[in-house]
Colleague: 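What follows is a structure written as structure tokens; I'll ask about it next.
Throughout, a chain's letter reflects where its sequence line sits, starting with A, and its residues are numbered from 1.
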Protein chains: 2
Amino acid sequence: MTVAPGSVIAFECPDASGGQLSAESTVADVPHIDFGMVNPVTGPVFIDGAEPGDALKVTIHEFQPSGWGWTANIPGFGLLADQFEDPALHIWTYDKVGMGPAAYSPIGHVPLKPFPGTIGLAPAEPGNHSVVPPRRVGGNMDIRDLAAGTTLYLPVEVVGALFSVGDTHASQGDGEVCGTAIESPMNIVLGFDLEKQAGLKTPRFTTPGPVSRHLDGKGYEVTTGIGEDLMDGARSAVSQMIDLLCGRHGLKPVEAYMLCSVCGDLRISEIVDMPNWVVSFYFPRLVLE
Amino acid sequence: MTVAPGSVIAFECPDASGGQLSAESTVADVPHIDFGMVNPVTGPVFIDGAEPGDALKVTIHEFQPSGWGWTANIPGFGLLADQFEDPALHIWTYDKVGMGPAAYSPIGHVPLKPFPGTIGLAPAEPGNHSVVPPRRVGGNMDIRDLAAGTTLYLPVEVVGALFSVGDTHASQGDGEVCGTAIESPMNIVLGFDLEKQAGLKTPRFTTPGPVSRHLDGKGYEVTTGIGEDLMDGARSAVSQMIDLLCGRHGLKPVEAYMLCSVCGDLRISEIVDMPNWVVSFYFPRLVLE
């Protein structure tokens, strides 16, 4: 499709498995996922007049969610893949009209805030490119605050920009620590404009208001990872939160891990007190209280 | 001082320069800071009955701020030390009773939320230990959410725990990217209890409510760093925010860098989409709008 700047378009987005999982799937289906089919995106859309050096301004207008989703631990994938070697799957159902918190039976409720996990443009570099890693032009960024009302700016590297979107999530925490969110098919309505020769190096965005108020009402439990490596710190903080949730609420470790992925946030508390940095994992108390 | 569990104690905390900077200081004083005197802490306090393996539960009751503070770029220190080689200093004054946002003349106002940058126990390892890096037992963690009402749990490694606190900040963003916050002398009232044989590996804490509502009212400008290294991603995201703020508001780069340090947040948006991670820097729009 070719569209002019100023256009508003509705996209249909399948779930990140590309239809290999459904609301009836079980954990036995997880090992059979064909990775050649995962993370499909809808596009590309050619934006008239877009040239390398421009920024594509994408206004995220609206989501039309499907009412179901899945979260999985996929062996070999995720921040703690070495500790969680077995597949796991949780199927979610939620009120697609009211969009109230989704039950994590029987112990909690996760507030929802839909966004596209993958949103971006074609890179200039020739060849085939995996859709898994995000790049300068965006892609699988999994930024949970790209919610309705947000404006995203993407650096254009090819004529026409070649925009695609998909991998829609009903909810996710910062980090997406188990590797999956509430993966949920939904439609999304986006507007497009151009900023000529914007000189943008990587994506940036503007949120119209607060980004965490669906989660923060009762405060947070917070664990820390302290040391010379941010990745090790992140792993340590998340591991300790899993231990805390299991000890306190009787969850199985993999259940706590998947719950952390859909609602807990990884933050860098300090990155200057040489040689040790602090990464903190924030778990919103209202999910389990 | 030796105290029993259940005690509540008021601590007097000088600023992080140990009195080398004052409300009358200028940038000419920054290169003369004696690093042997920085980051003084008040303590140690011996907690009766504390033994290795216990957790010290610290309830953060109250702050009595001084009404002034400083933020500096100290050469050789900070996330972008290679880009900001010259000293800089900003002196803040604020209403220590009303604690309204502090002016960053003439272009902005920074909401305040006091916390101790350094709070921790003695490590078991023999010898002298620099107070700069945080450790398993806490210390210079610079976690901006250790605000009034928060409960902090610290792992005890020596008999009596040997608690100290200092480096009080009137405000800071997650990351403390330029290396300093609003460094401000203040008194702090803390309560102490013990959890015997808690099995805690690193500090954790519980917040009584939301942690970002003093900043989030008008949303955020957000820049990203995308790549294989979290540290590089953090540096890239902060650099691009400095460029954005300078271009839009006419700040000098070092002014934007220091402002980012006192109110902007580093978050890990995704840490699983191999091999590229996304670190995002969130600048609260209400500071400059």
Colleague: What distance separates L146(A) CG from S269(B) OG, expressed to the nearest 0.5 Å?
Modeller: 8.0 Å

Colleague: Atom CD1 of I268(A) and atom CZ of F281(B): how far apart are they, to the nearest 0.5 Å?
Modeller: 10.5 Å

Colleague: Using heavy-atom distances under 4.5 Å, tell me whether E221(A) contacts chain B through its side chain, its backbone, both, or neither.
Modeller: both

Colleague: Tell me whether N276(B) contacts the main-chain N or O of R135(A) through its side chain, where contact means a donor paired with an acceptor under 3.5 Å.
Modeller: no

Colleague: If you apply the rule side-chain contact (heavy atoms from CB on, under 4.5 Å), what do you find for R136(B) with I226(A), and how did you get there?
Modeller: CA-CA 7 Å; R136(B) 286 189 309 271; I226(A) 302 177; over 6 Å; no

Colleague: Taking all non-hydrogen atoms of both residues into account, name the closest pair between V211(A) and R267(B) and its distance.
Modeller: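 V211(A) and R267(B) have their closest heavy atoms at CG2-NH1, 3.7 Å.
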
Colleague: Counting heavy-atom pairs under 4.5 Å to chain B, which of G175(A), G219(A), C178(A), P133(A) comes out on top?
Modeller: G175(A)

Colleague: Does the T207(B) side chain pair with the main chain of Y220(A), one donor and one acceptor, at a distance under 3.5 Å?
Modeller: yes

Colleague: Chain A: which of E228(B), M274(B), Q240(B) shares the most heavy-atom pairs with it under 4.5 Å?
Modeller: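 Of the candidates given, the most pairs with chain A belong to Q240(B).
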
Colleague: Using heavy-atom distances under 4.5 Å, tell me whether Y282(B) contacts chain A through its side chain, its backbone, both, or neither.
Modeller: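 The side chain, not the backbone.
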
Colleague: Within a reach of under 6.0 Å around CD of E125(B), are more than 12 heavy atoms found that belong to other residues, nucleotides or ligands?
Modeller: no

Colleague: Name the option with the most non-hydrogen atom pairs under 4.5 Å to chain B; the candidates are G179(A), S212(A), P203(A).
Modeller: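 The residue among G179(A), S212(A), P203(A) with the greatest pair count is P203(A).
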
Colleague: Checking E176(B) against chain A: side chain, backbone, both or neither under 4.5 Å from a heavy atom?
Modeller: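 Backbone plus side chain of E176(B), per the 4.5 Å heavy-atom cut-off to chain A.
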
Colleague: Going through the checks in order, is the side-chain contact (heavy atoms from CB on, under 4.5 Å) test met by R204(B) and V222(A)?
Modeller: CA-CA 6 Å; R204(B) 71 174 180 86; V222(A) 187; over 6 Å; no

Colleague: With a 4.5 angstrom heavy-atom cut-off, is it the side chain or the backbone of L215(A) that approaches chain B, or both, or neither?
Modeller: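 Contact with chain B is absent: no heavy atom of L215(A) under 4.5 Å.
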
Colleague: Take D273(B) and D142(A) through the test side-chain contact (heavy atoms from CB on, under 4.5 Å) and record every step on the way to the result.
Modeller: CA-CA 9 Å; D273(B) 297 323; D142(A) 288 317; 2.5 Å; yes

Colleague: Please state whether the side chain, the backbone, both or neither of V132(B) comes within less than 4.5 Å of a heavy atom of chain A.
Modeller: both

Colleague: Heavy-atom cut-off 4.5 Å, strictly under: side chain, backbone, both or neither for K201(A) against chain B?
Modeller: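 For K201(A), the contact with chain B is made by backbone and side chain together.
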
Colleague: Any side-chain heavy atom of F205(B) sitting closer than 4.5 Å to one from T223(A)?
Modeller: no

Colleague: Could you tell me which non-hydrogen atom of I143(B) sits nearest to which non-hydrogen atom of S280(A), and how far apart they are?
Modeller: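 Looking at all heavy atoms of both residues, the shortest contact is CD1-OG, 4.2 Å.
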
Colleague: Between L152(B) and chain A, which part of the residue has a heavy atom less than 4.5 Å away: side chain, backbone, both or neither?
Modeller: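 Contact with chain A involves no heavy atom of L152(B) at all.
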
Colleague: Do you know which of Q172(A), R144(A), R285(A), M241(A) has the most heavy-atom pairs under 4.5 Å to chain B?
Modeller: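 Most heavy-atom pairs under 4.5 Å with chain B: R285(A).
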
Colleague: What's the separation between atom CG in D265(A) and atom CG in D265(B), rounded to the nearest 0.5 Å?
Modeller: 11.0 Å

Colleague: Please look at T202(A) and chain B and tell me whether the side chain, the backbone, both or neither of the residue comes under 4.5 angstrom of a heavy atom of that chain.
Modeller: both

Colleague: Could you pull out the closest heavy-atom pair between M141(A) and E270(B), with the gap in Å?
Modeller: O-CG, 3.1 Å

Colleague: What's the shortest heavy-atom distance between V278(A) and P134(B), and which atoms?
Modeller: CG2-CG, 3.8 Å

Colleague: Is D243(A) close to chain B through its backbone or its side chain, or both, or neither, when contacts mean heavy atoms under 4.5 Å?
Modeller: side chain

Colleague: In sequence, state the C-alpha distance, the side-chain angles, and the governing distance for D216(A) and R213(B), and then conclude on salt bridge (Lys or Arg N to Asp or Glu O under 4.0 Å).
Modeller: CA-CA 9 Å; D216(A) 72 3; R213(B) 292 200 179 184; 2.6 Å; yes

